[in-house]
Chemist: 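Here you go, one structure.
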Amino acid sequence: MMDQQAYATNVVSLRQGLLPRHREYLMRWLQAGACMGLCDADITDRDENDEPDMEHVLVWVRENANPAYMVRPDGKGMGWVLIDQIRERPLATYRSFEAALHAIRPVLSCGATVAA
């Protein structure tokens, strides 16, 4: 019988994060969306209390001086959560990072996504 403690040390948690392809897509999306009110985006691993957190993207739109949206891994490694930062509530969970950005502003075609 395997010791429970030894078993726990062999478990690798699935933690989704931003990959270089996500960063590249974010920059293309932001540039393409400038004419639709996308102003800026920031990738950070700090939450609003300046505590270390999982990496996420904040998105600014011309309608508001504060970040309007946050896109972050769902914590289960299965999708990406789109959060309304102004109202501080989740809007939806998407299977891909690109789909979450598309929900904010559909400025790139869905075929512009890149497979992992």
Side-chain angles (χ1 to χ4, degrees):
M1 182 172 202
M2 182 181 270
D3 184 323
Q4 284 287 35
Q5 193 172 23
Y7 177 74
T9 60
N10 293 328
V11 174
V12 177
S13 64
L14 179 62
R15 183 167 175 166
Q16 187 169 351
L18 289 167
L19 301 172
R21 71 176 180 87
H22 294 129
R23 294 169 191 271
E24 186 271 331
Y25 186 87
L26 175 64
M27 293 302 109
R28 284 190 348 202
W29 176 80
L30 190 59
Q31 183 178 23
C35 63
M36 290 182 70
L38 292 175
C39 292
D40 199 6
D42 186 30
I43 299 171
T44 184
D45 63 354
R46 299 264 173 201
D47 68 12
E48 60 275 353
N49 299 321
D50 208 29
E51 301 271 330
D53 196 22
M54 69 177 88
E55 215 170 27
H56 56 273
V57 175
L58 296 173
V59 177
W60 282 261
V61 296
R62 99 176 122 222
E63 296 87 10
N64 199 320
N66 294 322
Y69 301 98
M70 177 194 294
V71 178
R72 69 182 310 156
D74 70 358
K76 300 173 193 168
M78 301 302 292
W80 296 85
V81 179
L82 175 59
I83 299 169
D84 179 334
Q85 276 293 97
I86 297 166
R87 292 171 190 85
E88 298 181 354
R89 65 183 181 98
L91 298 174
T93 301
Y94 298 90
R95 294 184 75 196
S96 72
F97 178 73
E98 295 84 357
L101 293 180
H102 187 80
I104 296 171
R105 296 284 196 279
V107 297
L108 295 175
S109 69
C110 290
T113 60
V114 179

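Computed from a prediction, not measured in an experiment: that's the story for all the values here.
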Chemist: Flag the pair Leu19 / Phe97 as yes when at least one side-chain heavy-atom distance between them is below 4.5 Å, and no otherwise.
Modeler: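 No. Closest side-chain heavy atoms not under 4.5 Å.
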Chemist: Looking at CD1 of Ile86 and CD of Glu63, how far apart are the two atoms once the value is rounded to the nearest 0.5 Å?
Modeler: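 Rounded to the nearest 0.5 Å, the CD1-CD separation comes out at 8.5 Å.
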Chemist: Could you tell me which non-hydrogen atom of Ala100 sits nearest to which non-hydrogen atom of Trp80, and how far apart they are?
Modeler: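 Here Ala100 and Trp80 meet closest at CB-CB, 4.3 Å.
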Chemist: Identify the heavy atoms of Leu108 and Ala32 that sit nearest to each other, and give their distance.
Modeler: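 Between these two residues, the closest heavy atoms are CD2-CB, 3.8 Å.
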Chemist: If I take atom CD from residue Gln85 and atom NE2 from residue His56, how far apart are they, to the nearest 0.5 angstrom?
Modeler: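 It is 7.0 Å, given to the nearest 0.5 Å.
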Chemist: To the nearest 0.5 Å, how far apart are CE in Met70 and CG in Leu91?
Modeler: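 If we round to the nearest 0.5 Å, Met70:CE and Leu91:CG are 11.5 Å apart.
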Chemist: Of all the heavy-atom pairs spanning Leu30 and Cys39, show the shortest one and how long it is.
Modeler: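 That closest heavy-atom pairing would be CD1-C, 4.2 Å.
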Chemist: If every non-hydrogen atom of Ala41 is compared with every non-hydrogen atom of Val57, which pair is closest and at what distance?
Modeler: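 What the structure gives for the nearest pair is CB-CG1, 4.3 Å.
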Chemist: Looking only at heavy atoms, which two atoms of Pro106 and Met36 are closest? And how far apart?
Modeler: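 Looking at all heavy atoms of both residues, the closest pair is CD-CE, 4.4 Å.
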Chemist: Is the shortest side-chain N to carboxylate O distance from Arg21 to Glu98 below 4.0 Å?
Modeler: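 A salt bridge is present here (some side-chain N lies under 4.0 Å from a carboxylate O).
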Chemist: Here's a test for you: under side-chain contact (heavy atoms from CB on, under 4.5 Å), which of Arg72, Glu88, Arg89 qualifies with Ile83?
Modeler: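 Output: one option passes, namely Arg72.
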Chemist: For residues Leu82 and Ala103, report the shortest heavy-atom separation together with the two atoms involved.
Modeler: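 Here Leu82 and Ala103 meet closest at CD2-CB, 3.9 Å.
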Chemist: Would a 4.5 Å heavy-atom cut-off, applied to side chains only, mark His102 and Trp29 as touching?
Modeler: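 When only atoms from C-beta onward are counted, Trp29 and His102 do not touch, as no gap falls below 4.5 Å.
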Chemist: Could you give the distance from CD1 (Ile43) to CG (Leu18), rounded to the nearest 0.5 Å?
Modeler: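 It comes to 5.5 Å.
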Chemist: Is the backbone N or O of Met78 less than 3.5 Å from a side-chain atom of Asp74, with the two atoms forming a donor-acceptor pair by type?
Modeler: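 Yes; at least one donor-acceptor contact below 3.5 Å.
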Chemist: Is there a side-chain contact between Leu38 and Ile104, using heavy atoms and a 4.5 Å cut-off?
Modeler: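 Touching, per the 4.5 Å side-chain cut-off.
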Chemist: About how many Å separate OH of Tyr69 and CG of Leu101, when rounded to the nearest 0.5 Å?
Modeler: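 The CG atom of Leu101 sits 11.5 Å away from the OH atom of Tyr69.
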